[in-house]
Protein chains: 2
Amino acid sequence: MSKAEKRDEIVRAALEIIAEHGFHGAPMAMIAEKAGVGAGTIYRYFENKDVLINELYRELEDRIYAAVLAGYSSDKPIRERFIYLGTAVLGYFIANPLDFRYLEQFHNSPYGMAYRRDRISGKKEDRDMYRELFEEGVAQQVIKDFPLVVLFALTFGPILPVARDHILNFIVLDDDLILRTIEACWDGVKR
Amino acid sequence: MSKAEKRDEIVRAALEIIAEHGFHGAPMAMIAEKAGVGAGTIYRYFENKDVLINELYRELEDRIYAAVLAGYSSDKPIRERFIYLGTAVLGYFIANPLDFRYLEQFHNSPYGMAYRRDRISGKKEDRDMYRELFEEGVAQQVIKDFPLVVLFALTFGPILPVARDHILNFIVLDDDLILRTIEACWDGVKR
DNA sequence: GCTTACAGAATGAATGTTCATTCCAGTATA
DNA sequence: TATACTGGAATGAACATTCATTCTGTAAGC
């Protein structure tokens, strides 16, 4: 097994275990076992557990960004772009439940708090299609004139619990219901 | 200090520390110190930490329910009731940030998962004004015909992050912005 | 081609720390 | 005095991290 493959195994194992059991149900020894390496080996690739957790987060973020960006076109009308982004994000979560559950764990933890703070205070670059979309929409008077965080809340607020309920089998989302849900978010955001 | 007072002190201390530091930043010894009792004493009032955590949750739920119910009148029109409930809940969270942070911690933890499961599968009685409101609204064709969980997501989905952002000082919500935010939720939910 | 030597990688038992929970000597209450 | 309650030290389990040791692949020497 090459060096890169081994690193990947560790990251994959961490994703799986943390997504399923939370940060505190994921001892390094368990991650090591699932990855098929010794406990000490992880520390040859990651300085400590925090670093592993943060690097995994960055990787997931990149993957989602890439997946969603693929079909995005910034010259379509605002509404169409909004619907596309919403369905794409929700679709990604449903297709990749481990990723979703990991992101949730991360966001609802001190890691996520720190990350969020950096982001809102502008310390973090964000290549964020939503921000751009909202700003344009408000300027064009197509979207309600709210602070950005409120628009984010109106959009992702409903998407995340709906994804969670689907992943946990509390509902079944088919393509039609996904679309109607995102359209309902649009109704909340549009002028 | 009477027996009941001591119990209250413990519960209050737990609320404060867990809301601020999360379940894992809240050792029993720290809760005991803040409550002004010995560590062992807590175990005379609560069988173990899990019981304490769950009882505290129930208490908060009751308080919120009572606060919101106070001004609720189930014979007003659907929209008016929706707006009232939304602003009341959001207002409660803003006025009681510790309660809000505790509830968030709880919901995003294995405790909350179990609770949620019981609730959705109907094992738990819920004296839930929202459920009733949604069912009535759908029947009257005033509200979009979605599964209940989606309607919940469209309503609470935005309320919770907005409350969090306010409590963490990422935005300042005044009465006007609160009202407009809830109205936007209504736009998402109404037909 | 075959052996030997060696650097770097991998291992997992051992360590130190952080808790929840228990226990009991001391204190209040009746 | 007898009973119940309290504080906080003691216990033991869980876990991240370390490090002495073992393994492995490569390259030099023959």
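Letters A, B, ... mirror the listed sequences (proteins, then strands); counts begin at 1. All figures in this text were calculated on a predicted structure; none of them were measured in a lab.
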Round to the nearest Å and state the distance from [X] atom [atom1] to [N] atom [atom2].
X: B:R7; N: D:dT6; atom1: CZ; atom2: C1'; value: 18 Å
X: B:E33; N: D:dT6; atom1: CD; atom2: P; value: 18 Å
X: A:F46; N: C:dA10; atom1: CZ; atom2: C1'; value: 15 Å
X: B:E9; N: D:dT6; atom1: CD; atom2: C1'; value: 16 Å
X: A:I42; N: D:dT17; atom1: CD1; atom2: P; value: 10 Å
X: A:Y43; N: D:dC15; atom1: OH; atom2: C1'; value: 9 Å
X: B:D50; N: C:dC19; atom1: CG; atom2: C1'; value: 14 Å
X: A:N48; N: C:dT17; atom1: CG; atom2: C1'; value: 16 Å

Among A:Y65, A:Y72, A:Y84, A:F156, ring pair (Phe, Tyr, Trp, His ring centres under 6.0 Å) partner for A:Y130 =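 For A:Y130, the ring pair (Phe, Tyr, Trp, His ring centres under 6.0 Å) check succeeds only for A:F156.
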is_close_aromatic(B:F134, B:F152), centroid dist under 6.0 Å =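 Yes: the rings meet the under 6.0 Å criterion.
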ask   = Is it the case that B:N54 and B:Y115 place a side-chain donor and acceptor less than 3.5 Å from each other?
value = no
query = Are any of B:K6's side-chain N or O atoms less than 4.0 Å away from OP1 or OP2 of D:dT6?
reply =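 Yes, because at least one side-chain N or O of B:K6 sits under 4.0 Å from OP1 or OP2 of D:dT6.
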ask   = Side-chain N or O of B:Y45 less than 4.0 angstrom from OP1 or OP2 on D:dT6?
value =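 True: B:Y45 side-chain N/O within range (under 4.0 Å) of D:dT6 OP1/OP2.
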query = Where the side chain of A:K49 is defined as all heavy atoms beyond and including C-beta, which of D:dT6, C:dT11, D:dA16 is the nearest nucleotide?
reply =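 Nearest to the side chain of A:K49 among the choices is D:dA16.
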ask   = Is the number of heavy atoms from other residues, nucleotides or ligands within 6.0 Å of CG (A:D175) greater than 12?
value =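 Open.
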key: With sequence neighbours excluded, residues passing ring-ring contact (aromatic ring centres under 6.0 Å, His included) with B:F106   =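 With neighbours one apart ignored, the set is B:Y57, B:Y111.
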message = Checking side-chain contact (heavy atoms from CB on, under 4.5 Å) between A:L90 and each of A:L160, A:L85, A:V162, which is the one that passes?
response = A:V162
key: Residues touching DNA chain D, which here means a heavy atom under 4.0 Å, drawn from residues 18-30 of chain B   =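 Residues of residues 18-30 of chain B under 4.0 Å from DNA chain D: none.
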message = Using modelled atom types and a 3.5 Å cut-off, is there a donor and acceptor pairing between side-chain atoms of B:K144 and backbone atoms of B:K190?
response =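 At least one qualifying donor-acceptor pair exists.
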